[in-house]
Amino acid sequence: MTTLPLHPPIPLPDGRDEAWRYTSLTPLADRLGARWWQPLEAAPADPAPPPGLDAIDLMRDPLPEAIARTDEEAGPADDHAPFAARLAACFAPTVQTIQIAAQYRSALPLLLIHPDSEGAGYRRHALRVGCGAEVTLIELFAGDRPQMGLTCSHLSINLEPGARLTHYRLQRFGPDQFHLGALTLSQQRESDYRLHAIELGGALARLDLSIALQQPGAACALHGLFLLDGQQHADHQVAMHHAAPHCRSRADYRTVLAGRAHAVFNGRVVVDRGACGTDSAQRNANLLLSRQAEVDTKPELEIYNDDVRCAHGATVGQLDAEQLFYLRSRGLTEAEARHALVVAFADALLAGIALAPLRQAIESAAADKIAQEPCK
């Protein structure tokens, strides 16, 4: 039997770290105990994918010849890497690597399932998309365990010249699960990355997303949607580094919060001196369905070049009383009117989900969160 150390390999971050100012991991240690970081010996069971979703399970299904799956030994993470990446490296020395051949076009999406844990579970993956290849990846973080647990994951992605990746990241863990995630992306010339990140479940979910647009013509578009209630907490820290000329980035995040839910969004764009022709925009819109809900939003721009077009903005508000009155005057109940307005608010992001079974699963899981009592 493996002997585990008595103390965590790295300390929990706290409010003295600006990146963790609005997210406390104290509940993680309080609820999981002094050895919150201890991994399980037994492998957890994987949840079923959304009904009707036809996909290639990267860890279990036979793979096409154009897709190679290997296990690679990797050293510790860099000291400046996100907390989740450093923690995962301590307990998962092997990285499961997926290599997509150049010019490959996948007829089916690729599926990567992250189950919940009783205790702590760690996973590290790498996805390398070859020149000119075009694929869709679905990451599913899900489970129905009644026990408390921690799931820690790190996914690194490299897009070679001309590669295109559409990435759906759906988190719908149970109410007693904690999730710490890191996603690092490196983009080469004329590559294109599109992310749809949905936060529905968990007691606390944190994602550190780092994107490096390293060669001219690279483009990325991030779409985030939080639908939270109760005392759920979700935090996305987004860092986009424009290191080359004529790159384009977009970040559009929307949150719907009920109960005492708390959302955090920090979007930071850095434009290097030589990155002329940069085109970047961030937007964060937040809808509070309860007076006890809370949001902290902080879009940032750090620009070292005059030849750029960069913008950012954030809004926080509640459902419009006049719009509610209008819909009710047309025969809708209050619950139906509220549901219609929330769906309209979120639809700008949901409409971008091209996979119907995935969108239906999101809408179904979100239905009970939308039907909340009005603000008082």
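Not measured: the values here are computed from a predicted model.
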Quick check on [X]: does its [atom1] atom have over 12 non-hydrogen neighbours (other residues, nucleotides or ligands) under 6.0 Å away?
X: D320; atom1: CG; value: yes
X: D306; atom1: CG; value: no
X: R105; atom1: CZ; value: yes
X: R359; atom1: CZ; value: yes

Would you check if the side chain of [X] reaches a backbone N or O of [Y] as a donor-acceptor pair within less than 3.5 Å?
X: R254; Y: F345; answer: yes
X: S24; Y: T26; answer: yes
X: Q232; Y: L200; answer: yes
X: R124; Y: A92; answer: yes
X: S106; Y: P109; answer: no
X: S290; Y: G259; answer: yes
X: Q103; Y: C131; answer: yes

Just by distance, no angles: are the side chains of [X] and [Y] close enough, under 3.5 Å, to form a donor-acceptor pair?
X: H233; Y: T23; answer: yes
X: T94; Y: E73; answer: yes
X: H241; Y: D272; answer: yes
X: S249; Y: H242; answer: yes

Work out which heavy atom in [X] is nearest to a heavy atom in [Y]; give both atom names and the distance.
X: L140; Y: P49; result: CD2-CA, 4.0 Å
X: L108; Y: A55; result: CB-CA, 4.5 Å
X: R31; Y: M148; result: O-SD, 3.3 Å
X: P115; Y: T151; result: O-OG1, 3.5 Å
X: G52; Y: P357; result: O-CG, 3.4 Å
X: D78; Y: H80; result: OD1-N, 2.7 Å

Cluster overlap [X] with [Y], hydrophobic side-chain contacts below 4.5 Å:
X: Y122; Y: L204; answer: yes
X: Y253; Y: L228; answer: yes
X: F178; Y: Y22; answer: no
X: F141; Y: L87; answer: no
X: I303; Y: V270; answer: no

Does the distance from a Lys or Arg side-chain N to an Asp or Glu carboxylate O, for [X] and [Y], drop under 4.0 Å?
X: E18; Y: K298; result: yes
X: D279; Y: R250; result: yes
X: D192; Y: R194; result: yes
X: E160; Y: R128; result: no

Could you check whether any side-chain heavy atom of [X] comes within less than 4.5 Å of a side-chain heavy atom of [Y], counting everything from C-beta outward?
X: N286; Y: T315; value: no
X: Q187; Y: I211; value: yes
X: L319; Y: V342; value: yes

Discussion item. Checking side-chain contact (heavy atoms from CB on, under 4.5 Å) between E363 and each of V343, L358, L350, which is the one that passes?
Written reply: L350
Worksheet item: Should the pair H236 and F226 be assigned to parallel (<30°), tilted (30 to 60°) or perpendicular (>60°) ring geometry?
Response: perpendicular
Practice prompt. Look at the rings of H196 and H223 and say which category their plane angle falls in: under 30° parallel, 30 to 60° tilted, over 60° perpendicular.
Written response: parallel
